[in-house]
Amino acid sequence: MSVNKIQHKVNHVALVVDCSGSMRQHEGQLIRVVDEFVAGLKAESDNLGHETRISLYSFDHRVENLVWDMDVKHLPSMRGLYKVNNGATALIEASLKSLDDLGHIWEEYGEHSFLQIVVTDGEENASGGDRRHDGDMTVLGPWLDRIAAKMGGLPGHWTSAILVPNSLAKRTAQNYGFPAGNIAIWNADSQEGVEEAIGTVRAAATSFLRGREQGVRGTKNLFAVGQDVSVDEVRAMLEPIPADRYRLLKVDKEVEIRPFVDSHPGVTYERGSCYYQLGSRVQVQPTKEIIVVEKDTDRAYTGEAARSLLFGAGVHGTVSVKAGNNPKLEVYVQSRSVNRKLKPKTRLLIML
């Protein structure tokens, strides 16, 4: 006799954080924002009815597991766990170890998904041995082969992502095998950069959990927003904007926002009245308003809940995001710049 079983969703999240000497200026703040990240995971998991388990790793030239596959409801603060050292950066070794460790988790029952997020402010210089002083990079060769093979062989329900400090590090991460859509750049030289980095991670984790509800167990476009949002959610959570309060204008070529608006009859550029269509990666500050538009009807919606709907509850700071592929919806971000470059094949929304 067959018995119906509940296939509950289990999310295994590994946060792998650089603790090399260059992270010292961020130590206290990083502890606080990681705690907020974990709180966000707990809230979203409770809301969706998922079981979410988290592992925490820190790394300099050594890789250390701080927390292993613990229910987010029971995770203590990072305070007392995370400590910056004076070591180098074993980025590849840390990435591999956390993936290898997660691979030991038994998946026989339940519907499991795995999410690894690595945060670093520097370049690889220590996997297989600290090379800051002797300069011997020949040791790195086997590690490059190992991570490329590991990333290339990850099952479809595994997602691996990384935050890096600059475009050179992004290209290096792509060479390691991280998908381009799972790599984000953060400003490692400022205190605001840490807030932005964890806000970006939190928004991505929220999107990941919501995607599970639509049957998506893994993604190569983690740091995109809006792809997991439905028209019904927008209508339920946001306020409709009267049709006579806004206009949508097509952008055919790259052009500055002010002359573009002023070239259209009946509208004049006013700072803060224009909303550009989200496309490639941008920084969205907490003061910027968000509007969501239905593609089929051009109906527009906004409200205080727009940020939490798109970025996740509790994400109050600046986030680095790009548009996800949503066949039903478009996201628009407020601009207060007079010379923002509008991209071709997008639209501009103007509040009248």
Side-chain angles (χ1 to χ4, degrees), residues 181 184-185 187 192 196 199-200 203 207 221 223-313 315-352:
I185 296 174
N187 181 2
E192 293 78 13
E196 176 190 329
T200 300
S207 177
N221 203 25
F223 294 120
V225 299
Q227 57 198 10
D228 55 329
V229 177
S230 70
V231 172
D232 288 343
E233 287 176 309
V234 169
R235 292 174 177 173
M237 296 181 64
L238 305 184
E239 297 295 326
I241 304 174
D244 59 355
R245 293 282 311 281
Y246 65 94
R247 282 180 62 183
L248 283 160
L249 304 177
K250 290 183 178 179
V251 182
D252 297 321
K253 61 181 180 180
E254 185 171 294
V255 60
E256 288 190 359
I257 190 169
R258 185 170 188 165
F260 174 77
V261 173
D262 289 342
S263 69
H264 287 77
V267 290
T268 303
Y269 178 85
E270 293 183 18
R271 191 185 294 268
S273 67
C274 298
Y275 296 71
Y276 62 90
Q277 185 180 341
L278 182 62
S280 58
R281 186 167 302 283
V282 295
Q283 291 181 326
V284 180
Q285 291 79 15
T287 56
K288 298 295 180 65
E289 296 176 0
I290 305 294
I291 293 176
V292 181
V293 173
E294 293 184 30
K295 290 183 180 180
D296 292 343
T297 64
D298 283 347
R299 293 173 182 157
Y301 303 81
T302 191
E304 293 183 1
R307 287 182 68 90
S308 61
L309 177 63
L310 290 167
F311 308 146
V315 180
H316 303 301
T318 298
V319 292
S320 174
V321 294
K322 64 179 181 179
N325 181 22
N326 191 318
K328 298 291 186 181
L329 300 168
E330 295 171 341
V331 178
Y332 290 78
V333 179
Q334 186 179 36
S335 172
R336 296 191 179 94
S337 169
V338 297
N339 57 2
R340 167 173 286 280
K341 293 287 182 65
L342 301 177
K343 300 299 182 183
K345 298 182 180 179
T346 64
R347 297 195 291 177
L348 183 74
L349 186 149
I350 306 174
M351 294 296 295
L352 303 176

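All values below were derived from every heavy atom in this structure, side-chain atoms included, with hydrogens, water molecules and symmetry-related copies excluded.
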Self-check item: N/O donor-acceptor pair under 3.5 Å between Thr200 side chain and Val319 backbone
Solution: no

Quiz prompt | N/O donor-acceptor pair under 3.5 Å between Arg271 side chain and Arg336 backbone | solution = yes

Let me confirm one number: the [atom1]-[atom2] distance from [X] to [Y], rounded to the nearest 0.5 Å.
X      : Y      : atom1 : atom2 : answer
Asn187 : Glu196 : CG    : CD    : 7.0 Å
Leu329 : Lys295 : CG    : NZ    : 8.0 Å
Ser273 : Ile350 : OG    : CD1   : 6.5 Å
Ser335 : Leu342 : OG    : CG    : 8.0 Å
Ile291 : Glu330 : CD1   : CD    : 12.0 Å

Quiz item: Would Val331 and Val229 satisfy side chain to side chain contact (heavy atoms under 4.5 Å, CB included), going step by step from the backbone distance to the final call?
Solution: CA-CA 11 Å; Val331 178; Val229 177; over 6 Å; no

Quiz item: Would the number of heavy atoms belonging to other residues, nucleotides or ligands and lying under 6.0 Å from CZ of Arg340 be above 12?
Solution: yes

Quiz item: What closest approach, in Å, do Met351 and Leu349 show between heavy atoms, and which atom pair accounts for it?
Solution: SD-CD2, 3.9 Å

Practice problem: Please report the closest heavy-atom contact between Glu256 and Val338, naming both atoms and the distance. | Solution: OE1-O, 4.4 Å

Is the shortest side-chain heavy-atom distance between [X] and [Y] below 4.5 Å?
X      : Y      : result
Val333 : Ile290 : yes
Lys328 : Val234 : no
Arg307 : Val284 : yes
Ile257 : Tyr276 : no

Exercise. Evaluate the criterion salt bridge (charged side-chain N to carboxylate O under 4.0 Å, His left out) for residue pair Glu254 and Lys343; output intermediate values, then yes/no.
Key: CA-CA 5 Å; Glu254 185 171 294; Lys343 300 299 182 183; 3.3 Å; yes

Practice problem: Begin from the C-alpha positions of Arg347 and Val293 and carry the test side chain to side chain contact (heavy atoms under 4.5 Å, CB included) through to its verdict. | Solution: CA-CA 11 Å; Arg347 297 195 291 177; Val293 173; 4.0 Å; yes

Quiz item: Step by step, would you call Glu294 with Val231 a side chain to side chain contact (heavy atoms under 4.5 Å, CB included)?
Solution: CA-CA 7 Å; Glu294 293 184 30; Val231 172; 3.8 Å; yes

Among all residues two or more places apart in sequence or in another chain, which pass the side-chain contact (heavy atoms from CB on, under 4.5 Å) test with [X]?
X      : answer
Ile185 : Val164, Ser167, Lys170
Thr268 : Asp262
Glu289 : Tyr275, Gln334

Identify all side-chain donor-acceptor contacts of residues 236-253 below 3.5 Å with residues at least two apart in sequence or on another chain.
| from | atom 1 | to | atom 2 | distance (Å) |
| --- | --- | --- | --- | --- |
| Tyr246 | OH | Asp298 | O | 2.6 |
| Tyr246 | OH | Ala300 | N | 3.2 |
| Arg247 | NH1 | Pro265 | O | 3.1 |

Practice problem: Kindly write out the residues that satisfy ring pair (Phe, Tyr, Trp, His ring centres under 6.0 Å) with Tyr301, not counting sequence neighbours, or none if the list is empty. | Solution: none

Self-check item: Results of salt bridge (Lys or Arg N to Asp or Glu O under 4.0 Å) for Asp232 - residues two or more places apart only
Solution: none

